[in-house]
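A short write-up of the structure that comes next.
All heavy atoms count here, side chains included; hydrogens, waters and symmetry mates do not.
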Amino acid sequence: MNARTPDGAVPGGRGSGIGLPEGSWWDWDIVAWDPGRLRLGAGYDIAYAHGLELVFSDPVLVMCPAAFQDPAFRAPTPDEVRLVARQVGGTPPVLIAFEADAGGPGPASGLIAAGRLDIVRGTVFRYWREDLAVGERLAPWVRPPV
């Protein structure tokens, strides 16, 4: 896995899942997604803010619920590796699999293949707020009041 934290550390090797920093990362959702980047946000309760983001650069395959709770990240199975290789013509540097509660009768599976993964900490507010402190920012959809 080609995952790096902002300080350059590799949080686990291929097949070991993701080494998340200490914290309460129970509630998750897709914060932003465009052709070059998928950004997942996590926190204890993401109604007003989140404190962790997994930023997947150059995503080539994404199978992920829009919102989910308590994910168990794991190494992809051989079948998942073959599926990705068949879909995208090879195995990308980052391949993450997980199971999570997405509100259904059983766990939902997720699979994300990308060129790079960055783990970013910092408070991201989901509502308008002025005078942000160092390390704080606004979610991409937040706009000042009219």
Side-chain angles (χ1 to χ4, degrees), residues 1-104 106-129 132-143:
M1 174 179 5
N2 185 19
R4 297 207 179 270
T5 59
D7 63 2
V10 177
R14 182 176 291 281
S16 67
I18 299 176
L20 296 177
E22 290 293 320
S24 180
W25 316 123
W26 183 81
D27 212 4
W28 292 73
D29 71 355
I30 295 174
V31 173
W33 189 3
D34 60 52
R37 187 166 292 128
L38 169 68
R39 189 177 294 267
L40 300 179
Y44 172 73
D45 176 358
I46 59 174
Y48 298 104
H50 62 269
L52 178 75
E53 290 185 342
L54 300 185
V55 181
F56 295 89
S57 297
D58 302 318
V60 292
L61 183 113
V62 177
M63 296 186 325
C64 176
F68 52 96
Q69 288 78 39
D70 199 20
F73 292 98
R74 59 172 175 76
T77 66
D79 285 342
E80 290 168 329
V81 172
R82 281 190 292 276
L83 169 73
V84 170
R86 188 172 61 247
Q87 294 287 324
V88 303
T91 304
V94 176
L95 184 53
I96 302 297
F98 64 90
E99 261 63 58
D101 177 359
S109 294
L111 184 64
I112 302 172
R116 179 182 167 103
L117 169 63
D118 291 299
I119 299 173
V120 181
R121 291 196 69 172
T123 302
V124 180
F125 293 101
R126 294 167 172 242
Y127 61 93
W128 176 253
R129 183 180 167 127
L132 297 173
V134 173
E136 295 178 341
R137 56 196 160 87
L138 301 174
W141 61 85
V142 175
R143 301 288 179 255

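Between Pro21 and Leu52, the shortest heavy-atom distance links the atoms CG-CD1, 3.8 Å. Shortest non-hydrogen contact noted between Leu132 and Arg137 is CD1-CA, 3.7 Å.
Using the six-membered ring where Trp is involved, Tyr48 and Tyr127 have ring planes that are perpendicular, over 60° apart on the 30 and 60° scheme.
The side chain to side chain contact (heavy atoms under 4.5 Å, CB included) test applied to Asp29 returns Val31, Ile46, Ala67, Arg126, not counting sequence neighbours.
No side-chain heavy atom of Phe56 sits under 4.5 Å from any side-chain heavy atom of Val62. No side-chain heavy atom of Asp101 sits under 4.5 Å from any side-chain heavy atom of Trp26. Inter-residue side-chain proximity for Val142 and Phe125 is flagged as unmet; no heavy-atom pair is nearer than 4.5 Å. Side-chain contact between Arg129 and Thr123 is absent, with no heavy atoms from C-beta onward closer than 4.5 Å.
At distances below 3.5 Å, at least one donor-acceptor pair connects side-chain atoms of Arg143 with backbone N or O atoms of Pro140.
Under 4.0 Å is where a charged nitrogen must lie from a carboxylate oxygen, and between Arg74 and Glu80 at least one such pair does.
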Can Cys64 and Leu40 be said to form a side chain to side chain contact (heavy atoms under 4.5 Å, CB included), step by step?
CA-CA 10 Å; Cys64 176; Leu40 300 179; 4.3 Å; yes

Could you walk me through whether Trp25 and Phe98 satisfy the ring pair (Phe, Tyr, Trp, His ring centres under 6.0 Å) test, starting with their C-alpha distance in whole Å, then the side-chain angles of each, then the deciding distance to 0.1 Å, before giving a yes or no?
CA-CA 14 Å; Trp25 316 123; Phe98 64 90; over 10 Å; no

Leu117/Leu54 under side chain to side chain contact (heavy atoms under 4.5 Å, CB included): CA gap, chis, key distance, verdict
CA-CA 7 Å; Leu117 169 63; Leu54 300 185; 3.9 Å; yes

